[in-house]
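The structure appears below as structure tokens.
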Amino acid sequence: MAKLYFSSPNPSLALSFKFREASFDLLTDFLINLNQRNKDNLKSLSKCCGSFKDKRVLEYILLITKELRLDPLAGYHAIELLQRFMVKHLTDLLTTPTPQGAAANSQRSHEDAILDKLKEKFPLIIFSCVQLASKLSLHSHIIDNNTAVRFLHSMGHSVSKQIILESELMVLKGLEFRLNAPNPLTYVEILLEVLGHNEPSIPVERLYHMCHHVLQFISLQRTAIYNSLLVTTTQCVSPSTEQRQRFVTVTEDCMLLGVGVIAVATFILYVKKWKQVVGELSHITGISKKSISDFSHVTLMHIVRTRFLVTSA
């Protein structure tokens, strides 16, 4: 990615995020709403949840977000939109009835053709999710179609404005125009705001910057971290298929991820306040201190291990 696509300066939005300005009633409403949405999401998980949160896909989206100087919130929102759209889109495509009397190998050829065609469209679908997310962010540049064409051309994708509009409409229809999906960074921001309200001595402003780095690390190392957490939770080196299936709700729990991110950031910056913060996060969310501690421990192990590997390389 060779150049920026906005010429005007755009200071880091993380630096301008302001805490301690929301009222108690507003924070209560936010927290109740987030908690309910998280519960609803966990109750309606599909068998394919998390399938499109592959490290390479997430890295691609986060790099686009950075290159186009969007609010990081737009990147995490785009990830959620992509996951929901792709599961719905693939399900619709692969459940379309084939002609009666078609042979089994014909059925496989039909599915292969669908997947091959989807591979061609996938980069544009990803970009459409980022573009839609940018339009939903109050603090972000909106990616207009001129910017979209220039950016995609620079990435080697020859597309017109019409194709971009059609792709965006396809994603919108696939999502049934329901774009208000919860994302992990929203949970982190609201939990930090509540934490700062309850414990004014905790420097949530500084924690917020570290939380961005921690959340990005966890997102990119998602598979390894949650596998380690599964082993820790089950105390079994080789968890069974049933244990893995039950654990899916943990991997998709945005509230757990939010408190885990804040706890890890606190351990890195203010280890003396770690127990106090974990206790307060447990009080705020109802998540046990042990669950928060386990998540923190596993993540910190991976951070240290990754740093050691980079240093020794």
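In this chain, residues are counted from 1 in sequence order.
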* Apply side chain to side chain donor-acceptor pair (under 3.5 Å) to S288 and S291, showing your working. => CA-CA 5 Å; S288 71; S291 294; 2.9 Å; yes
* Asked: For E252, which residues count as a salt bridge (Lys or Arg N to Asp or Glu O under 4.0 Å) partner, sequence neighbours excluded?
  -> K53, R222
* **E199 side chain reached by K273 side chain, heavy atoms, under 4.5 Å** => no
* For the atom pair NE2 (H297) and CD1 (I292), what is the distance rounded to the nearest 0.5 Å? -> 15.5 Å
* May I ask you to test the F295-I218 pair for a side-chain heavy-atom distance under 4.5 Å? => yes
* **Q243 side, atom CD; S238 side, atom OG - distance, nearest 0.5 Å** => 10.0 Å
* Asked: Which residue pairs pass the side-chain hydrogen bond (donor to acceptor under 3.5 Å, both in side chains) test with at least one member in residues 261-272, sequence neighbours excluded?
  -> R206-Y270
* Taking every non-hydrogen atom, the tightest pair across P184 and L215 -> CB-CD1, 3.9 Å
* Structure fact -> Residues pairing under ring-ring contact (aromatic ring centres under 6.0 Å, His included) where one sits in residues 171-196, two or more places apart or in two chains, turn out to be none
* Closest contact, heavy atoms only, S228 versus V298 -> CB-CG1, 3.5 Å
* Any salt bridge between K55 and E59, counting N to O under 4.0 Å? -> no
* Are F247 and L229 close enough, and set up right, to give a side-chain contact (heavy atoms from CB on, under 4.5 Å), and what steps lead you there? -> CA-CA 10 Å; F247 193 73; L229 185 59; 3.9 Å; yes
* What about L26 and V204, same hydrophobic cluster or not, with Ile/Leu/Val/Met/Phe/Trp/Tyr joined at side-chain heavy-atom distances under 4.5 Å? -> yes
Donor-acceptor pairs are to be reported for all side-chain atoms of residues 162-169 against protein atoms at under 3.5 Å, with residues two or more places apart or in another chain.
unit_1 : atom_1 : unit_2 : atom_2 : d
Q162   : NE2    : E166   : OE2    : 3.2
S167   : OG     : S128   : OG     : 2.6
E168   : OE1    : K135   : NZ     : 3.3
E168   : OE2    : K135   : NZ     : 2.6

* **From CA spacing to verdict: side-chain contact (heavy atoms from CB on, under 4.5 Å), F30, V194** => CA-CA 10 Å; F30 272 143; V194 176; over 6 Å; no
* **Exercise: identify the closest heavy-atom pair between V237 and V231** => O-CG2, 4.0 Å
* **Output field: ring centroids F217/H213 closer than 6.0 Å** => no
* To do: With the side chain counted from C-beta on, respond yes when S201 and Q276 share a heavy-atom pair under 4.5 Å apart, and no when they do not.
  => yes
* Structure fact -> Note: A263 and V278 closest approach over all heavy atoms is CB-CG2, 4.3 Å
* Does N183 have any side-chain hydrogen bond (donor to acceptor under 3.5 Å, both in side chains) partners at least two apart in sequence or in another chain, and if so, which? -> T186
* Summary of salt bridge (charged side-chain N to carboxylate O under 4.0 Å, His left out) pairs that have at least one residue in residues 285-296, sequence neighbours excluded -> K290-D294
* Judged by atom type as modelled, is there a donor-acceptor pair below 3.5 Å linking the side chain of H77 to the main-chain atoms of L179? -> yes
* Check the surroundings of atom CZ in F122: do more than 12 heavy atoms from other residues, nucleotides or ligands lie under 6.0 Å from it? => yes
* To do: List for me each residue that meets salt bridge (Lys or Arg N to Asp or Glu O under 4.0 Å) alongside E120, sequence neighbours excluded, and say none if there are none.
  => none
* I143 backbone acceptor or donor facing T147 side chain under 3.5 Å -> no
* **Gap between atom CD1 of I268 and atom CG of L207 - 0.5 Å precision** => 10.0 Å
* Give the C-alpha distance, both sets of side-chain angles, the deciding distance and a yes or no for side-chain contact (heavy atoms from CB on, under 4.5 Å) between V261 and L191. => CA-CA 10 Å; V261 166; L191 288 169; over 6 Å; no
* Side-chain heavy-atom pair P203, Y208 within 4.5 angstrom cut-off -> no
* What residue pairs, at least two apart or across chains, pass salt bridge (charged side-chain N to carboxylate O under 4.0 Å, His left out) with a residue in residues 28-40? -> none
* To do: Check whether any side-chain heavy atom of I61 lies under 4.5 Å from a side-chain heavy atom of L82, and answer yes or no.
  => yes
* Under 3.5 Å: donor-acceptor pair, side chain of D253, backbone of T249 -> no
* **Spacing of CG belonging to N227 relative to NE2 belonging to H302, to within rounding of 0.5 Å** => 8.0 Å
* Do the non-hydrogen side-chain atoms of V130 and F151 ever get within less than 4.5 Å of each other? -> no
* Go through the steps for L63 and E67 under the test side-chain contact (heavy atoms from CB on, under 4.5 Å), then give the verdict. => CA-CA 6 Å; L63 284 172; E67 185 70 11; over 6 Å; no
* To do: Check whether any side-chain heavy atom of V264 lies under 4.5 Å from a side-chain heavy atom of I303, and answer yes or no.
  => yes
* Is there side-chain contact between M155 and Y60, with at least one heavy-atom pair below 4.5 Å? -> yes
* So, does Q83 use its side chain to make a donor-acceptor pair with the main chain of F52 at under 3.5 Å? -> yes
* Nearest atoms (heavy-atom pairs only) where S219 meets L58 -> O-CD2, 3.2 Å
* Asked: From N198 CG over to H283 NE2, what is the distance, rounded to the nearest 0.5 angstrom?
  -> 6.0 Å
* Partners meeting ring-ring contact (aromatic ring centres under 6.0 Å, His included) with F85 (sequence neighbours left out) -> H89
* Flag yes if more than 12 heavy atoms outside F267 fall under 6.0 Å of its CZ atom; otherwise flag no. => no
* Asked: Same cluster or not: are V277 and V271 linked, directly or through other Ile, Leu, Val, Met, Phe, Trp or Tyr residues, by side-chain heavy atoms under 4.5 angstrom apart?
  -> yes
* Quick one: pull up CG in L195 and CD1 in I190 and give me the separation to the nearest 0.5 Å. => 12.5 Å
* **Partners passing side-chain hydrogen bond (donor to acceptor under 3.5 Å, both in side chains) against K161 (at least two apart in sequence or in another chain)** => N146
* For H153, does the NE2 atom sit with more than 12 other heavy atoms under 6.0 Å from it, leaving out its own atoms? -> yes
* To do: Decide yes or no on side chain to side chain donor-acceptor pair (under 3.5 Å) for Q131 and D144, but give the supporting numbers first.
  => CA-CA 8 Å; Q131 189 171 15; D144 60 34; over 6 Å; no
* **Non-neighbouring partners of T251 that pass side-chain hydrogen bond (donor to acceptor under 3.5 Å, both in side chains), sequence neighbours left out** => none
* To do: Under the salt bridge (Lys or Arg N to Asp or Glu O under 4.0 Å) rule, collect the residues that match up with R84, sequence neighbours excluded.
  => none
* **Shortest non-hydrogen contact between C254 and N38, atoms and distance** => N-OD1, 3.1 Å
